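Structure first, then comments.
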Amino acid sequence: MANILILYSTTDGHTVEICKRIKRTVESRGDNVQLLDLKDGPELVSGTFDKIVIGASIRYGKHQPLVNDFIAKNQAVLEAHPNALFSVNVVARKPEKNQPETNPYLQKFLKKISWQPQLLDVFAGRIDYPSLGFVDKHMIRFIMWMTKGPTDPNAVVEFTDWDRVEAFAQKIAGM
Ligand SMILES: Cc1cc2nc3c(=O)[nH]c(=O)nc-3n(C[C@H](O)[C@H](O)[C@H](O)COP(=O)(O)O)c2cc1C
């Protein structure tokens with residue numbers, strides 16, 4: 001039985017939902033998963049976990065800076081364990097941008113860090129227009145209009161391919 005740590009960075013909670021799905025799948029295979037929010041400043045101690053996963057969402061073109069900071073501070077510990085990274089963004093709803101190699105945010109992020117995760121993925125996220133404040137709502141509607149996405153201000157649209165999340169979870173379990 002492996003102890004797996006999943007660290008996440010989220011603004012509106014969708015990355016946590018993805019983490020919970022990964023946890024359920026991995027735990028159904030007999031392993032243990034702990035989820036921790038990077039915002040709470042977790043300390044990573046080598047040897048406490050058997051595998052480490054980081055999941056982070058994109059907001060206005062970037063993962064939150066605390067993700068980069070955490071990776072820079074803990075790179076040696078990450079590299080001492082089987083490790084994985086996934087990004088959540090809505091550009092990944094487009095088939096030509098939904099692979100780690102073709103997703104511009106993930107590619108840009110990988111160029112900025114020197115950690116090379118053993119397993120990578122990118123998942124399309126969720127847009128919940130009614131929950132957004134005025135500025136964010138209209139910024140996202142504008143971006144969606146430019147990129148031929150949904151613009152109905154009352155819409156809640158989930159683009160996530162949950163089968164793909166499951167497949168990623170199976171890979172983590174098998175790492
Ligand atoms: C204010 C705002 C800005 C966003 N900016 C981007 C962006 O620049 N590129 C992108 O692909 N997705 C963007 N998204 C989509 C988010 O990545 C998506 O909603 C994701 O599911 C958010 O995950 P979270 O709830 O874990 O933070 C944005 C969403 C919001 C609400």
Side-chain angles (χ1 to χ4, degrees), residues 4-26 33-42 52-71 74 78 83-113 115 117 119-169 172:
I4 301 170
L5 174 63
I6 306 183
L7 298 148
Y8 61 85
S9 158
T10 183
T11 305
D12 295 322
H14 193 62
T15 303
V16 187
E17 294 307 313
I18 292 175
C19 290
K20 285 184 189 160
R21 179 66 71 94
I22 295 170
K23 177 177 161 78
R24 268 212 305 279
T25 304
V26 170
V33 176
Q34 187 172 347
L35 304 183
L36 292 178
D37 191 338
L38 283 172
K39 223 169 39 199
D40 296 333
I52 305 171
V53 181
I54 297 180
S57 64
I58 289 283
R59 211 167 170 95
Y60 294 125
K62 291 181 180 162
H63 297 106
Q64 289 177 22
L66 58 77
V67 182
N68 304 51
D69 296 347
F70 183 86
I71 291 170
N74 294 285
L78 290 169
N83 60 73
L85 170 76
F86 68 90
S87 176
V88 181
N89 53 77
V90 289
V91 155
R93 77 189 187 280
K94 300 205 162 221
E96 71 278 14
K97 294 186 179 166
N98 78 356
Q99 297 300 319
E101 303 75 28
T102 58
N103 186 260
Y105 300 120
L106 191 53
Q107 282 304 308
K108 198 169 150 203
F109 186 68
L110 291 172
K111 287 197 178 88
K112 272 212 250 162
I113 58 172
W115 171 42
L119 184 62
L120 277 173
D121 217 334
V122 56
F123 305 120
R126 179 177 198 261
I127 295 293
D128 180 349
Y129 281 116
S131 78
L132 296 177
F134 181 86
V135 175
D136 286 340
K137 185 183 295 188
H138 292 290
M139 287 293 286
I140 298 300
R141 285 187 75 208
F142 178 64
I143 293 167
M144 282 294 168
W145 176 75
M146 300 257 296
T147 59
K148 299 183 171 42
T151 55
D152 175 354
N154 299 311
V156 179
V157 189
E158 191 176 272
F159 298 102
T160 314
D161 176 348
W162 292 104
D163 288 344
R164 184 149 158 195
V165 175
E166 293 272 336
F168 180 69
I172 290 169

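Order of listing sets the numbers, starting from 1, for every ligand and every atom in it. Just so you know, these numbers come straight off a predicted model, no measurement behind them.
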Check this for me - ligand 1, [X], N or O atoms closer than 3.5 angstrom, yes or no?
| X | result |
| --- | --- |
| T11 | yes |
| S9 | no |
| G13 | yes |
| R126 | yes |
| V90 | yes |
| V91 | yes |

Among all protein non-hydrogen atoms, which one is nearest to [atom], and what is the separation to 0.1 Å?
| atom | value |
| --- | --- |
| atom 2 (C) of ligand 1 | I140 CD1, 3.4 Å |
| atom 25 (O) of ligand 1 | H14 N, 2.9 Å |
| atom 24 (P) of ligand 1 | T10 OG1, 3.3 Å |
| atom 16 (C) of ligand 1 | I58 O, 3.3 Å |

Main chain of R93, side chain of N98: is a donor-acceptor contact present, judged purely on distance under 3.5 Å?
no
Can you tell me if K23 uses its side chain to pair, donor with acceptor, with the backbone of V33 under 3.5 Å?
yes
Between L132 and K137, which heavy-atom pair has the shortest distance, and what is it?
O-CE, 3.6 Å
Heavy-atom closest pair, residues S57 and T11:
OG-N, 4.0 Å
Are any non-hydrogen side-chain atoms of [X] and [Y] less than 4.5 angstrom apart?
| X | Y | value |
| --- | --- | --- |
| D37 | Y8 | yes |
| E17 | D12 | no |
| I22 | V53 | no |

Suppose I only count heavy atoms of [X] and a 4.0 Å limit; which atoms of ligand 1 are within that range?
| X | result |
| --- | --- |
| V88 | 17 (O), 20 (C), 21 (O) |
| L132 | 31 (C) |
| G125 | 21 (O) |
| D12 | 24 (P), 25 (O), 27 (O), 31 (C) |

The test is side chain to side chain contact (heavy atoms under 4.5 Å, CB included); show your working for E166 and R21 and say whether it passes.
CA-CA 7 Å; E166 293 272 336; R21 179 66 71 94; 3.2 Å; yes
Taking non-hydrogen atoms only, is N89 closer than 4.0 angstrom to ligand 1 via side chain, backbone, both or neither?
both
When you look at D152 and V157, which way does the side chain to side chain contact (heavy atoms under 4.5 Å, CB included) test go after all the steps?
CA-CA 10 Å; D152 175 354; V157 189; over 6 Å; no
Can you check whether F134 and H138 have ring centres sitting under 6.0 Å from each other?
yes
Option with minimal heavy-atom separation from atom 5 (N) of ligand 1, where the choices are Y105, F159, Y60
Y60
Pick from S57, G61, A124, P104: the one approaching atom 22 (C) of ligand 1 most closely through a non-hydrogen atom
S57
Got more than 12 heavy atoms from elsewhere within 6.0 Å of CH2, W162?
yes
